[in-house]
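Data first, discussion second: the structure below is written as structure tokens.
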Amino acid sequence: MLAARLSRPLSRLPGRALSVSHRQDGARHTLLSCSASFPLVGRRTYASNVDPAGSKAVLVTGCDSGFGFSLAKHLHSKGFLVFAGCLLKDKGDAGAKELDSLNSDRLRTVQLNVCSSEEVEKAVEVVRAGLKDPEKGVWGLVNNAGISTFGEVEFTSMETYKEVAEVNLWGTVRVTKSFLPLVRRAKGRVVNISSMLGRMANPARSPYCITKFGVEAFSDCLRYEMHPLGVKVSVVEPGNFIAATSLYSPERIQAIARKMWDELPEVVRQDYGRKYFDEKIAKMETYCNSGSTDTTPVIDAVTHALTAATPHTRYHPMDYYWWLRMQVMTHLPGAISDRIYIH
């Protein structure tokens, strides 16, 4: 039985196990009747760490809020020299102000819009000037900056696709290419923040999924190229942390929905109808406070990727349900995962 096979690995996972059930209906099987809450797969203590003594330098992008903000403070507490890239530093953003308020010579905010080649190159010079010995390079680069949106394919404008890709994908590529000479000198680490949606698709999330699938491919290619040069590349694939990162609010969802509806071609409006559109928006609103409120598993994963003698290729800070779903969707034939999750 497929369900029985899927349940076997769970007995080897720490914490409370999934409840997996199945029933036979002719030749068809229905599986995955899961409990309401699941412990995080990524919540564990990592071993084999190296000492970040000597204040190894790390650049983290997207530190205005969310993962980046928490990560900048955490790495600083671990002894790193942290350069925290902030999109709105020059506009007096609260996140950048709070980081600056630590008044530490080991935590420095840097104005950094990953979409701007000029700002990225300026950031390289700021970081280089802040190093005691630039020839020793930068130990770590964490590409965290990202944005998200939603919308079915026919509801999403080309401008939206391009906007999300410019930050999540091309921003990651742009920053990596500019900082690689410094990282190579240190034989350091590149850590790219992807998503579970970089491994499996989801309805109404194609603008985001496309970019994260791209980050996965870019990271794999870079890992192959950097291996003989002594640079290690890791990918962190967080699960659902919407509640922890305040990614969406009802107000933001409604604002996106209004703009989306106003810009729809008339033929799309007529074919789908306002009722269908509103139902999809209402479903998206139910996700506003979903997921974990604790970013610790993500922070721990990035820290391990930066400090372990042998960092993992991929980290999966996500609950058991999403971890199991990802295994099904990436390891089994598409017809099977479609039967489970679509039909």
Side-chain angles (χ1 to χ4, degrees), residues 40-43 46 58-63 65-71 85 114-115 140-150 161 163-177 179-180 183 189-202 204-226 231-242 244-245 247-248 287 291-292 295-306 308 311-319 321-331:
L40 288 167
V41 171
R43 188 181 295 280
Y46 295 105
V58 178
L59 171 73
V60 183
T61 67
C63 292
S65 61
F67 295 142
F69 177 78
S70 299
L71 185 61
V114 300
C115 299
L141 167 62
V142 182
N143 284 302
N144 166 75
I147 60 175
S148 181
T149 189
F150 62 92
Y161 278 109
E163 178 186 3
V164 178
E166 187 61 36
V167 179
N168 295 359
L169 179 55
W170 304 127
T172 295
V173 175
R174 183 179 292 111
V175 173
T176 302
K177 284 174 62 65
F179 277 90
L180 265 180
V183 177
R189 309 290 167 83
V190 177
V191 183
N192 293 331
I193 307 299
S194 179
S195 168
M196 64 182 181
L197 295 184
R199 300 285 298 285
M200 57 184 182
N202 211 49
R205 300 303 300 278
S206 65
Y208 185 74
C209 289
I210 287 170
T211 64
K212 292 304 185 179
F213 269 70
V215 168
E216 297 276 349
F218 173 68
S219 301
D220 285 345
C221 293
L222 184 67
R223 187 176 70 258
Y224 301 152
E225 294 170 4
M226 290 294 106
V231 175
K232 294 180 171 62
V233 180
S234 298
V235 183
V236 178
E237 301 166 345
N240 184 359
F241 287 86
I242 290 177
T245 57
L247 193 61
Y248 293 113
Y287 300 143
S292 175
T295 62
T296 302
V298 178
I299 304 306
D300 288 347
V302 176
T303 303
H304 185 267
L306 289 171
H312 301 173
T313 299
R314 282 179 168 81
Y315 295 81
H316 310 122
M318 62 184 71
D319 67 38
Y321 168 76
W322 289 111
W323 179 87
L324 178 59
R325 180 166 176 164
M326 186 171 71
Q327 306 313 309
V328 172
M329 297 185 75
T330 56
H331 290 77

Kindly compute the distance separating [atom1] ([X]) from [atom2] ([Y]), expressed to the nearest 0.5 Å.
| X | Y | atom1 | atom2 | value |
| --- | --- | --- | --- | --- |
| Phe150 | Asn202 | CZ | CG | 13.5 Å |
| Thr313 | Arg223 | OG1 | CZ | 4.5 Å |
| Ser148 | Tyr208 | OG | OH | 5.5 Å |

Flag the pair [X] / [Y] as yes when at least one side-chain heavy-atom distance between them is below 4.5 Å, and no otherwise.
| X | Y | result |
| --- | --- | --- |
| Lys232 | Met226 | no |
| Cys115 | Trp170 | no |
| Tyr315 | His304 | yes |
| Val231 | Arg189 | no |
| Asp220 | Arg314 | yes |
| Thr61 | Val142 | no |
| Leu141 | Val175 | yes |
| Met326 | Glu237 | yes |

Report summary line: Sequence neighbours excluded, the answer for salt bridge (Lys or Arg N to Asp or Glu O under 4.0 Å) partners of Glu163 is none

Report summary line: Across all chains, not counting sequence neighbours, the salt bridge (Lys or Arg N to Asp or Glu O under 4.0 Å) partners of Arg205 are none

Of all heavy-atom pairs between [X] and [Y], which one has the smallest distance, and what is that distance?
| X | Y | answer |
| --- | --- | --- |
| Thr295 | Ala244 | CG2-CB, 3.6 Å |
| Gly66 | Thr245 | CA-CG2, 4.5 Å |
| Asn144 | Gly62 | ND2-O, 3.0 Å |
| Pro311 | Ala305 | CB-O, 3.7 Å |
| Pro238 | Val298 | CB-CG2, 4.0 Å |
| Ser206 | Tyr161 | OG-OH, 2.8 Å |

Report task. Kindly determine whether Leu180 and Leu222 satisfy side-chain contact (heavy atoms from CB on, under 4.5 Å), including the steps that lead there. Result -> CA-CA 10 Å; Leu180 265 180; Leu222 184 67; 3.8 Å; yes

Query raised in the report: Can you list the steps and then say if Asp319 with Trp322 is a side-chain contact (heavy atoms from CB on, under 4.5 Å)?
Result: CA-CA 6 Å; Asp319 67 38; Trp322 289 111; 3.3 Å; yes

Is the side chain of [X] donor-acceptor paired with the backbone N or O of [Y] at a distance under 3.5 Å, no angle test?
| X | Y | result |
| --- | --- | --- |
| Asn240 | Ile242 | yes |
| His331 | Gln327 | yes |
| Tyr248 | Thr149 | yes |
| Arg174 | Val114 | yes |
| Lys212 | Ile193 | yes |

**Report entry** Check: Phe241 ring centroid to Phe67 ring centroid under 6.0 Å
**Finding:**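 Judged by ring-centre distance (under 6.0 Å), Phe241 and Phe67 do meet the cut-off.
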
Does any donor atom in the side chain of [X] or [Y] lie under 3.5 Å from an acceptor atom in the other side chain?
| X | Y | answer |
| --- | --- | --- |
| Glu216 | Ser194 | yes |
| Asn168 | Thr211 | yes |
| Ser234 | Asn192 | no |

Query raised in the report: Under the side-chain contact (heavy atoms from CB on, under 4.5 Å) criterion, do Met329 and Arg199 qualify, and how do the steps go?
Result: CA-CA 8 Å; Met329 297 185 75; Arg199 300 285 298 285; over 6 Å; no

**Report entry** side-chain contact (heavy atoms from CB on, under 4.5 Å) between Phe179 and Leu59, intermediate numbers included
**Finding:** CA-CA 9 Å; Phe179 277 90; Leu59 171 73; 3.4 Å; yes

